[in-house]
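Worksheet for the structure shown next.
So you know, we letter chains A, B, ... as the sequences are listed, proteins then strands, and number each from 1.
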There are 2 protein chains.
Amino acid sequence: MSSGNPETRQRILDAAWRALESGDAKKTRMGDIAKLAGVSRQALYLHFPARTDLLVAVTQYIDRIKDVDGRLEKSRNASSGGERLDAFIEAWGDYIPEIAGVARALLDMRVGDPDAGMAWDDRMRAVRHGCDAAVKALKKDGDLSNDHTQAQATDVLWMLLSFENWERLRFGCGWPQKKYVTEMKAMARRLLTD
Amino acid sequence: MSSGNPETRQRILDAAWRALESGDAKKTRMGDIAKLAGVSRQALYLHFPARTDLLVAVTQYIDRIKDVDGRLEKSRNASSGGERLDAFIEAWGDYIPEIAGVARALLDMRVGDPDAGMAWDDRMRAVRHGCDAAVKALKKDGDLSNDHTQAQATDVLWMLLSFENWERLRFGCGWPQKKYVTEMKAMARRLLTD
DNA sequence: TTCCAACTTGACACTGTGTAAAGTTGATGG
DNA sequence: CCATCAACTTTACACAGTGTCAAGTTGGAA
């Protein structure tokens, strides 16, 4: 799969993470990451054949370290559908800022890079899955609004919780993170329940 | 402002529009547009110093031809705040598909091109202005939900009506255009009124 | 000692943008 | 009828960043 020393690989992933988190994603070149990792530019290509491969590996690396699955797991234990919805929004909403840098990089990279698009879509499918589960829980409790079919409710929640919406509210509108989470919960309730 | 024959300029704008509308925006190179317009690549640079300038000019060209202002004007004549909200969502919502190709191109171009970002932000500010007006009309009628301050309500509506949300629902979720407009109206009402 | 994996060094092909400079063409005016 | 000029073409090239290639170097295991 990947040749080379795993330690070096990790140093590269770490450097890439730092580089992406701090500053313009598109402006982080392979050479920059290499320098930051203290290896030659070619060493990067030795471990990751293309820029995209590196990016994708970084997202997986972060996911592992930040433990997304564990966080989202918490929301599964909620007793009522409404609580589950809240827990999910909180878990995902507070996860976004942690991955924002890399997410934006991946998003930017989609342009002219199908692999980056795939990696992103993959992440988004995971979020959608969580939305679906939350909606199902609501439905089970009989709390799902009649205005929506179950699928449509999932669509709506998924749209609402998109990374782009987070960016817009957070930076375009200047909402503090806490407000974002609180309001998202309120909006989701309004839209999905009666 | 721009040297060269206005007819040629228009042929270029027209070609660029067609090129962007049909197919991957990032993959439309200056040379492609030139070929489509039946002029040399350099003629493009003669009329538009940079790719971004061309893009921005295309958006303005489209706006003029499609008459955005006229469309949005209609929403100003609504009698009640609620009707005004509906009219605005309908006007904007049905305008999006007409500019989707170029909008996506501009959005993609933001990466590493501040001017493209400015052009896009400018458009979005115009939409926000419309949102603000609709919210004001609701407030005036006393129909604005107590859950939101006026500014916050504008933020919410603006987020809801974002181009990205349209893309996600339209293509990510497969909603027909008509459903998008209908549901958006319903969601806006739910979120903004009691 | 030999050998190998991991890495470095330096050169280079490729793509697309944007620049530069010299040539063509057709209309306008003296 | 010629000069001129604007608009455009043609050709060439600089530049940036990605990715490739081939020839070293180095430290440790067999």
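- At least one donor-acceptor pair under 3.5 Å links the side chain of A/Trp92 to the backbone N or O of A/Leu161.
- Among all heavy-atom pairs drawn from A/Arg189 and A/Leu85, the shortest one is N-CD2, 4.4 Å.
- Considering only the side chain of B/Arg29, C/dT17 comes nearest among C/dT8, C/dT17, C/dG18.
- Within residues 30-40 of chain A, the residues having any heavy atom under 4.0 Å from DNA chain C are, by residue number, A/Val39, A/Ser40.
- Listed by chain and number, the residues in a salt bridge (Lys or Arg N to Asp or Glu O under 4.0 Å) with A/Glu98 are A/Lys66, A/Arg71 (sequence neighbours excluded).
- For the pair B/Asp108 CG and C/dT17 P, the computed distance is 14 Å after rounding to whole Å.
- The salt bridge (Lys or Arg N to Asp or Glu O under 4.0 Å) search around A/Arg110 returns none, not counting sequence neighbours.
- The interatomic distance linking A/Phe48 (CZ) with C/dC7 (P) rounds to 11 Å, in whole Å.
- A/Gln42 contributes no side-chain N or O that forms a donor-acceptor pair with the base of C/dT9 under 3.5 Å.
- Residue B/Lys185 qualifies as enclosed at atom NZ: its count of foreign heavy atoms under 6.0 Å is above 12.
- With the end axes of the helix from C/dT1-D/dA30 to C/dG30-D/dC1 each set by five pairs, the angle from one to the other reads 30° at 10° resolution.
- For B/Ala43, the listed nucleotide lying nearest its side chain is D/dC8; candidates were D/dC8, D/dA12, D/dT18.
- Among residues two or more places apart in sequence or in another chain, the ring pair (Phe, Tyr, Trp, His ring centres under 6.0 Å) test is passed with B/Trp175 by none.
- Scored by the salt bridge (Lys or Arg N to Asp or Glu O under 4.0 Å) test, B/Glu183 finds no partners at all (sequence neighbours excluded).
- Listed by chain and number, the residues in a side-chain contact (heavy atoms from CB on, under 4.5 Å) with B/Ala137 are B/Arg84 (sequence neighbours excluded).
- Between A/Asp53 atom CG and D/dT20 atom C1' there is a gap of 15 Å when expressed in whole angstrom units.
- In this view, A/Arg170 satisfies the side chain to side chain donor-acceptor pair (under 3.5 Å) rule with no residue, not counting sequence neighbours.
- B/Leu138 and B/Gly81 make their closest contact through CD2-C, 3.7 Å (heavy atoms, listed as atom of the first residue, atom of the second, distance).
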Margin query: What does the B/S/- profile of nucleotides 24-30 of chain D look like, 5' to 3', with a 4.0 Å heavy-atom cutoff to protein?
Written below: -------

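- Protein atom CZ of B/Arg11 is 11 Å distant from nucleotide atom C1' of D/dC8, rounded to whole Å.
- Using a cutoff of 4.0 Å between basic side-chain nitrogens and carboxylate oxygens, A/Asp14 and A/Arg11 are not scored as salt-bridged.
- Applying the ring pair (Phe, Tyr, Trp, His ring centres under 6.0 Å) rule to B/Phe163 yields the partners B/Trp120, B/Trp166; only residues at least two apart in sequence or on another chain are considered.
- Using a 4.0 Å heavy-atom criterion, one finds that A/Arg51 contacts the sugar-phosphate atoms exclusively.
- Straight-line distance from the OH atom of A/Tyr45 to the C1' atom of C/dG10: 15 Å, rounded to whole Å.
- When only modelled atom types and interatomic distance are considered, A/Thr154 and A/Asp132 share a side-chain donor-acceptor pair under 3.5 Å.
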Dump every N/O contact between nucleotides 5-7 of chain D and the protein below 3.5 Å, one line per pair.
none

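- Here A/Asp141 pairs with nothing under the salt bridge (Lys or Arg N to Asp or Glu O under 4.0 Å) rule; sequence neighbours left out.
- Evaluation of atom-type donor-acceptor distances gives a pair under 3.5 Å for the side chain of A/Arg41 against the base of D/dG19.
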